[in-house]
Amino acid sequence: MQQTTPSLTIPPTSVAVLGNYVNTTAGNDDARRRLLLRIALIATVFFALFLASCSSDLPQSSLNPRSAEAESIDKLWDFILILGTVVFAIVAGALAYAIIRFRKRPGNEAEPKQVHGNTKLEIGWTLIPVVLLVIIAVPTLTTLFDLRSPAEGNFVRVDVIGHQWWWEFQYPDFVDENGRPLTTANEMHIPAGKTAELTMTSVDVIHSFWVPSLAGKRDVVPGRDTVMKITPDADIAGQMVPGQCAEYCGLAHADMRFRVFVDSETDFETWAAGQLEAAPIPASGDAAAGYETFTQFCTTCHQAKVVATDGTVEVIGAALGPDLTHFGGRTSIAAGLEENTAEHLAAWIDDPSSVKPMSPELNDIEAGRIMGMPAYGLDEQQIQELVALLETWK
Ligand code: CUA
């Protein structure tokens, strides 16, 4: 059987076509001008697109690094881009030179001299790429090992747990009086200028944790711990940096987002202390009625640490969905999908799957498997009461 080897070189036809074009247009100023114009136009469009990709106000861009780790990745990328551009310019320049300089000219019908098998050239274009790859490999491996090395000194530990389709964050160094770690969802707080070491795993399928401005991507795999370090720049304290799941994980994968809040050291301590507090069980009003609904429906999947008016603290509900103790203090709902407003929350409670495509019909509470929040068919009044409750739980 005869096999055709796929060619890695420039297809000869395109070279021939360009050669012919230059050839037939030689001496024809009009056609030549049109050709130049067309080339200039294509170059302009290409250049505009290139510049647009460098825009600095894109919130999810690795080209806008805001942490020590993201900066080391960005530096590596710059180095490889410059090196690649130089190689491209040399190769493309030589190719263009050869096409134009040695094109077929009118009146010259002679066959060009046939040559092949130049040993010096063969060795040259084997060795040069090897050297280039070594030059790329050294800083690449150094950066990789640096990123993978364990955090040192004084750092904050965060356990990241991927769920279909939301993120759970636990802080094992911040525990309450009963040893329960600080637990929150979809919004991670870390201090500026200090390293956070994320130990990540998943309870269901493979996800990928990605905050482009703060760190590279790392898979979040069930039954395994993967580690990632983030040391946000000291001068971005007070900023929010968005991230998202980067591994296809089912229906709502694209809406499995999260927000990273980079706090000043004091703001972070204040936030963490607040998160360990219990949410008050309201004594009267809409919120109190909402609490009845909450314990009837929501606690099937959601947990909350609550304190009664007599001071009794208890943790209610099942830890299958996001912990709602401080829900009202979060800026977003539905895993970073929408801003946390009363209207958005009411629409979400009314029919979650209309806001974010999920598969609650596949939920198996007994087995602890959750594929989305179901619509419970609550009436307008109940929804408003529930919203009133949740928005007061700051
Ligand atoms: Cu989780 Cu995609």
Side-chain angles (χ1 to χ4, degrees), residues 58-62 67 69-70 73 147-148 157-171 181 183-190 196-230 240-261 301-303 318-324 327 330-340 344 348 351-365 367-375:
L58 302 170
Q60 292 201 105
S61 170
S62 335
S67 78
E69 292 75 15
I73 296 171
L147 291 174
R148 296 287 169 96
R157 289 193 293 159
V158 187
D159 291 336
V160 178
I161 303 143
H163 297 257
Q164 279 171 316
W165 291 277
W166 60 283
W167 297 94
E168 183 172 7
F169 301 108
Q170 294 190 352
Y171 295 68
T183 303
T184 186
N186 303 319
E187 298 192 356
M188 180 174 82
H189 285 247
I190 50 175
E197 189 184 73
L198 281 51
T199 304
M200 312 192 289
T201 192
S202 165
V203 297
D204 36 53
V205 299
I206 301 175
H207 304 275
S208 175
F209 190 86
W210 192 33
V211 210
S213 283
L214 292 182
K217 247 177 237 174
R218 277 220 82 178
D219 276 3
V220 176
V221 185
R224 243 177 102 164
D225 284 343
T226 45
V227 178
M228 171 186 266
K229 283 182 300 180
I230 300 179
M240 185 277 281
V241 188
Q244 67 180 75
C245 180
E247 173 80 33
Y248 181 67
C249 55
L251 200 51
H253 153 71
D255 293 328
M256 189 172 164
R257 307 176 197 180
F258 58 95
R259 297 178 177 186
V260 179
F261 288 85
C301 298
H302 294 283
Q303 252 186 0
L320 296 173
D323 186 292
L324 297 179
F327 176 86
R330 293 182 202 145
T331 64
S332 63
I333 65 165
L337 186 57
E338 289 187 320
E339 295 306 309
N340 185 358
H344 286 157
W348 169 260
D351 186 6
S353 291
S354 71
V355 177
K356 169 167 157 176
M358 299 177 291
S359 321
E361 68 281 0
L362 300 176
N363 286 356
D364 184 347
I365 306 283
R369 180 136 177 87
I370 298 296
M371 302 283 285
M373 175 162 141

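Ligands are counted one by one from 1 in listed order, and the atoms in each one are counted from 1 as well. Numbers here simply count residues along the sequence, with the first being 1.
- Looking at H253 and atom 2 (Cu) of ligand 1 together, the shortest N, O or S contact belongs to ND1.
- For residue Q164, no N/O/S atom approaches atom 1 (Cu) of ligand 1 to within less than 2.8 Å.
- At least one N/O/S atom of C245, from backbone or side chain, sits under 2.8 Å from atom 2 (Cu) of ligand 1.
- Taking atom 1 (Cu) of ligand 1 as reference, the nearest N/O/S atom within H207 carries the name ND1.
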Notebook entry, point to check: Could you go step by step and tell me if H163 and E168 meet the side-chain hydrogen bond (donor to acceptor under 3.5 Å, both in side chains) rule?
Noted result: CA-CA 7 Å; H163 297 257; E168 183 172 7; 2.8 Å; yes

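- Of the residues listed (H302, Q303, M373), the one engaging P322 in a side chain to side chain contact (heavy atoms under 4.5 Å, CB included) is H302, and it is the only one.
- By the 4.5 Å heavy-atom criterion applied to side chains, T226 and T199 are not counted as neighbours.
- The only member of Q60, R257, H207 that meets side-chain hydrogen bond (donor to acceptor under 3.5 Å, both in side chains) when paired with Q244 is Q60.
- With contacts defined as side-chain heavy-atom distances shorter than 4.5 Å, the pair V221/S202 does not qualify.
- Shortest distance from atom 2 (Cu) of ligand 1 to E247 is reached at O (N/O/S atoms only).
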